[in-house]
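Just below is one structure, and these are the notes that go with it.
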Protein chains: 2
Amino acid sequence: MFLSTSTNTIDAKGRTSVPSPFRDALGDDAAVFIWPSVRGDFLEGGGEALMKALQREIFDRVADGSLAPVAAEAQQVMLLGEARRLSYDKTGRIVLPEAFRDHANLSNSATFVGLGNRFQVWEPEAHETRKAAMRESVRSTPLIMGVERP
Amino acid sequence: MFLSTSTNTIDAKGRTSVPSPFRDALGDDAAVFIWPSVRGDFLEGGGEALMKALQREIFDRVADGSLAPVAAEAQQVMLLGEARRLSYDKTGRIVLPEAFRDHANLSNSATFVGLGNRFQVWEPEAHETRKAAMRESVRSTPLIMGVERP
DNA sequence: TGGGATATCGTGGGAATTCATGGTCATCAA
DNA sequence: TTGATGACCATGAATTCCCACGATATCCCA
């Protein structure tokens with residue numbers, strides 16, 4: 001489970017450390033799968049299990065008719081076509097490809113945000129701005145299990 | 001089940017003891033999950049079971065249409081993104097991250113309040129004033145199973 | 001029922017480990 | 001050679017672990 005948020009440095013080689021708790025969540029396979037989000041200037045990622053689950057969901061939804069084959073191919077192009085498997089070394093660092101850094105406007109640092117089954121990578125200030133907006137959204141949302149009820 | 005209230009010291013390293021009855025409620029996994037509340041200056045937390053249940057409830061509510069995907073992501077960012085898994089050592093202590101202490105205005109001590117499936121962490125005096133307000137509120141509320149009738 | 005022994009719990013401090021990050025060294029392609 | 005790529009070492013700071021103490025609560029047996 002990907003939890004918590006942390007901001008790490010991006011060095012001259014484009015390297016950054018995958019947060020240690022995330023590495024734990026990834027298990028033995030020393031790699032993450034990351035792709036540019038189609039919804040905004042940030043990256044999305046997860047482990048091998050997530051990638052497989054996403055693939056299967058696309059198949060299943062074509063099978064049960066809730067996703068048109070054309071739309072499925074579009075999903076695959078933007079997800080599987082853009083995603084990369086980035087393995088990290090013994091110190092836990094990956095290299096963020098230049099295209100990824102451009103997409104998310106990353107320069108010297110990156111913020112990893114855990115979202116349970118997946119995570120996102122943001123330019124630190126952009127994430128702060130977004131979070132402020134989300135805080136308001138959550139305050140006006142119905143409760144979840146008695147927690148966070150307004 | 002998290003029951004009762006107790007106030008413990010926060011030392012120079014930011015450490016505090018998770019109340020022993022809470023540790024019993026947490027089971028084998030020697031860790032608590034804690035996050036800053038979006039509706040006040042205090043922390044909320046629970047065990048692994050609570051975290052998973054919250055995560056699932058978000059999914060389910062998106063599936064049944066009672067929660068918009070955008071609102072779901074906001075929930076995830078503010079809950080899963082802000083939460084941290086804090087494991088405690090053999091003496092039962094966790095380290096409260098500085099950001100958490102700031103959010104709840106904690107300095108030398110913290111009050112753990114059990115709420116059944118979850119708990120809250122308050123600055124002791126803030127909790128006292130809040131409790132006083134709640135006492136009045138409860139007195140004007142219909143009884144529950146004959147308990148707490150004025 | 002009293003009173004001493006035993007266990008539990010919270011707290012302080014120091015030692016050992018982990019973590020992020022800068023740097024170096026091979027490997028391979030252009 | 002140069003430039004990019006990937007793996008491994010070094011380091012300092014931060015974190016986590018473990019042992020010791022004292023106070024409180026619990027137990028047990030007279």
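Please read these numbers as outputs of a predicted model, since none were measured by experiment. Reminder, nothing fancy here: chain letters follow the sequence lines and each chain counts from 1. Just so you know, these numbers use all the heavy atoms, side chains as well, and skip hydrogens, waters and symmetry mates.
- In this structure, CG of A:Asp89 is placed 17 Å from P of C:dC25, rounded to the nearest angstrom.
- In this structure, CD1 in B:Ile94 is found 12.0 Å from CZ in B:Arg15, a value given to the nearest 0.5 Å.
- Residue A:Lys13 places no side-chain atom within donor-acceptor reach of the base of C:dG22, judged by atom type and a 3.5 Å distance cut-off alone.
- Rounded to an integer number of Å, the gap from A:Tyr88 OH to C:dC19 P is 11 Å.
- At a threshold of 4.0 Å, the pair A:Glu128-A:Lys131 counts as salt-bridged, since one of the basic side-chain nitrogens sits closer than that to a carboxylate oxygen.
- Rounded to a whole Å, the NZ atom of A:Lys90 is 18 Å from the C1' atom of D:dT11.
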Please tabulate, one pair per line, all N/O donor-acceptor pairs under 3.5 Å involving side-chain atoms of residues 104-112 of chain B, not counting sequence neighbours.
residue	atom	partner	partner atom	Å
B:Thr111	OG1	B:Thr7	OG1	2.9

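- Whole-Å rounding puts the A:Arg84 CZ to D:dT5 C1' distance at 11 Å.
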Polar atoms only, N or O, under 3.5 Å: list the protein pairs with nucleotides 5-12 of chain C and their distances.
residue	atom	partner	partner atom	Å
C:dC9	OP1	B:Ser20	OG	2.8
C:dC9	O5'	B:Ser20	OG	3.4
C:dG10	OP1	B:Ser20	N	3.4
C:dG10	OP2	B:Arg23	NH1	3.2
C:dT11	OP1	B:Thr9	N	3.1
C:dT11	OP1	B:Thr9	OG1	2.4
C:dT11	OP2	B:Thr9	N	3.2
C:dG12	N7	B:Arg93	NH1	3.1
C:dG12	N7	B:Arg93	NH2	3.3
C:dG12	O6	B:Arg93	NH2	2.8

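- Ionic pairing of B:Glu125 and B:Arg130 is not present here: no N-O contact between side-chain nitrogen and carboxylate oxygen is shorter than 4.0 angstrom.
- For B:Arg56, the CZ atom counts as loosely surrounded, since its 6.0 Å shell holds 12 or fewer non-hydrogen atoms of other residues, nucleotides or ligands.
- Between B:Asp29 and B:Arg85 there is a salt bridge, with a side-chain nitrogen of the basic residue lying less than 4.0 Å from a carboxylate oxygen of the acidic one.
- As rounded to whole Å, 15 Å separates atom C1' of C:dG22 from atom CG of A:Asn108.
- Counting to the nearest Å, the P atom of C:dT21 and the CD1 atom of A:Ile94 are 12 Å from each other.
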